[in-house]
Amino acid sequence: MARQVWALSDIPIPQDGINENSYYSNFHYLLSLEKNKHIPQNIKRCFPWVILYLWKNRNEFLFEGKRQLPTELVAKIKEEVEFWFLAQEKDKEVENNLRSSTQRGGVSWILQDDYGKVLIHSRRAFFLVSSLYELKSIALKWSVECMIDHRKNKVIFALEDAELIGMVLRPKAWPSLKFQSTELMRTLSKMDWWRLEKKKKINNRGAFLIAQSVTRFDLVQSYVATGSPDWLKQFFADEEGLPSV
């Protein structure tokens with residue numbers, strides 16, 4: 001089982017094979033892979049997860065009689081590695097909807113039906129925001145609260161930020177954001193049914209433009225209204241019926 005997982009992980013084994021008599025030698029080899037420029041980064045950085053999940057799989061088999069297939073285990077490992085490193089990356093984007101000088105940010109949400117028709121939308125300005133990521137977290141929590149207030153208890157939340165989705169669905173990968181993750185889950189638990197989906201930024205332009213109006217045009221008044229805003233009616237009309245993912 002273990003040999004199959006190591007082979008499927010694509011981590012190269014030592015030329016002389018695995019040293020079955022020395023854990024130190026094997027760990028030294030795995031750590032040395034970081035200096036090998038010929039090995040892709042996504043492969044050489046995943047060995048801690050291979051060790052972790054082999055150990056967890058062994059314990060599950062011994063104590064619960066459960067065992068995952070090597071292919072399933074490797075797929076899980078690669079997924080967790082990707083999310084963990086994504087969580088560690090600092091957000092370097094400079095968005096127009098946040099001015100660090102005034103610590104002001106604009107956010108918005110749009111409620112659409114299955115055909116893309118805008119039912120309700122809202123905009124709000126937040127102040128004393130320290131970072132773009134904080135603004136995004138605030139925006140999601142506020143959006144969920146608004147859906148609950150409008151008695152919309154079965155909602156798909158389409159977000160462009162994979163980190164934000166990961167923070168909610170995989171909180172262990174974001175230990176420094178445990179408080180925000182807990183607060184979001186507590187709010188989401190008040191709904192009958194919900195789902196978070198990754199949405200391409202180009203397909204979320206309407207919400208971005210509404211949020212951007214806070215900083216671009218100094219429109220700091222918060223509001224909620226039926227339909228789409230007058231200045232974007234044609235924009236949303238053109239998008240109706242188009243795939244959103």
Side-chain angles (χ1 to χ4, degrees), residues 86 91-169 180 184 187-188 190-245:
L86 184 62
D91 196 340
K92 298 180 180 180
E93 297 179 2
V94 180
E95 299 286 5
N96 290 328
N97 66 337
L98 177 63
R99 288 183 181 175
S100 59
S101 59
T102 59
Q103 295 183 310
R104 177 179 65 190
V107 298
S108 73
W109 55 258
I110 299 169
L111 179 64
Q112 296 171 289
D113 63 15
D114 294 338
Y115 302 99
K117 182 180 180 180
V118 178
L119 305 176
I120 320 172
H121 78 278
S122 184
R123 182 190 69 203
R124 183 173 177 180
F126 285 94
F127 298 88
L128 301 178
V129 182
S130 61
S131 68
L132 177 60
Y133 198 83
E134 181 187 3
L135 181 65
K136 291 178 179 180
S137 300
I138 292 172
L140 177 56
K141 186 172 184 293
W142 167 68
S143 299
V144 176
E145 291 171 344
C146 289
M147 293 301 102
I148 295 172
D149 291 341
H150 285 85
R151 302 181 185 277
K152 306 298 181 182
N153 292 314
K154 295 182 179 180
V155 180
I156 296 174
F157 294 92
L159 314 173
E160 63 186 59
D161 196 318
E163 293 182 27
L164 198 57
I165 296 174
M167 183 189 76
V168 177
L169 302 182
Q180 292 93 326
L184 279 168
T187 307
L188 284 163
K190 297 176 183 178
M191 305 187 73
D192 294 338
W193 182 90
W194 58 270
R195 188 167 72 211
L196 302 181
E197 287 188 354
K198 177 76 170 65
K199 189 174 185 179
K200 293 179 181 179
K201 189 170 184 176
I202 193 172
N203 291 327
N204 208 16
R205 290 174 296 170
F208 175 77
L209 291 171
I210 296 172
Q212 188 186 48
S213 66
V214 169
T215 54
R216 189 172 184 181
F217 305 116
D218 293 322
L219 301 176
V220 297
Q221 181 179 0
S222 301
Y223 73 92
V224 59
T226 57
S228 57
D230 291 338
W231 57 287
L232 287 175
K233 281 193 180 298
Q234 189 57 50
F235 174 86
F236 283 107
D238 292 340
E239 285 204 335
E240 283 186 27
L242 294 177
S244 59
V245 177

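Scanning all heavy atoms of the two residues, the minimum distance from Ile120 to Ala225 falls at CG2-O, 3.2 Å. A pairwise comparison of heavy atoms in Ile110 and Phe236 identifies CD1-CZ, 3.3 Å as the closest pair. Taking all atoms of both residues into account, the shortest heavy-atom contact from Ser122 to Trp142 is OG-CZ2, 3.4 Å. Residue Ala125 comes nearest to Ser222 through the heavy atom pair N-OG, 3.4 Å, listed as atom of the first residue, atom of the second, then distance. The nearest pair of heavy atoms linking Lys233 to Ser228 is NZ-O, 3.3 Å. Closest non-hydrogen pair, Thr187 versus Val144, comes out as CG2-CG1, 3.5 Å.
With rounding to the nearest 0.5 angstrom, the NZ atom of Lys190 is 12.0 Å from the CG atom of Asn153. Within the model, atoms CG of Leu140 and CG of Leu184 stand 5.0 Å from one another, a figure rounded to the nearest 0.5 Å. Leu111 contributes atom CG, which lies 9.0 Å from atom CZ of Phe157 (distance to the nearest 0.5 angstrom). In this structure, CE on Met167 lies 10.0 Å from CG on Leu169, to the nearest 0.5 angstrom. One distance of note links CD1 of Ile210 with CZ of Phe235; it measures 9.0 Å at 0.5 Å rounding. Interatomic distance, OG of Ser137 versus CG of Asp161, reported as 8.0 Å (0.5 Å rounding).
The closest donor-acceptor contact from the side chain of Arg123 to the backbone of Gln221 lies under 3.5 Å. Between the side chain of His121 and the main chain of Trp109, no donor-acceptor pair closer than 3.5 Å is present.
Test Glu160, Lys198, Glu197 against Ile165 for side chain to side chain contact (heavy atoms under 4.5 Å, CB included) and you get one pass: Lys198.
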Walk me through it: do Val155 and Trp194 pass the test side-chain contact (heavy atoms from CB on, under 4.5 Å)? CA-CA 5 Å; Val155 180; Trp194 58 270; 5.6 Å; no

Cys146 and Arg124: side-chain contact (heavy atoms from CB on, under 4.5 Å), yes or no, with the steps? CA-CA 11 Å; Cys146 289; Arg124 183 173 177 180; over 6 Å; no

Assess the residue pair Val214 and Phe126 against the criterion (side-chain contact (heavy atoms from CB on, under 4.5 Å)); give the C-alpha distance rounded to whole Å, side-chain angles, the decisive distance to 0.1 Å, and a yes or no. CA-CA 9 Å; Val214 169; Phe126 285 94; over 6 Å; no

One pair to check against side-chain contact (heavy atoms from CB on, under 4.5 Å): Leu196 and Leu164. What are the steps and the verdict? CA-CA 10 Å; Leu196 302 181; Leu164 198 57; over 6 Å; no

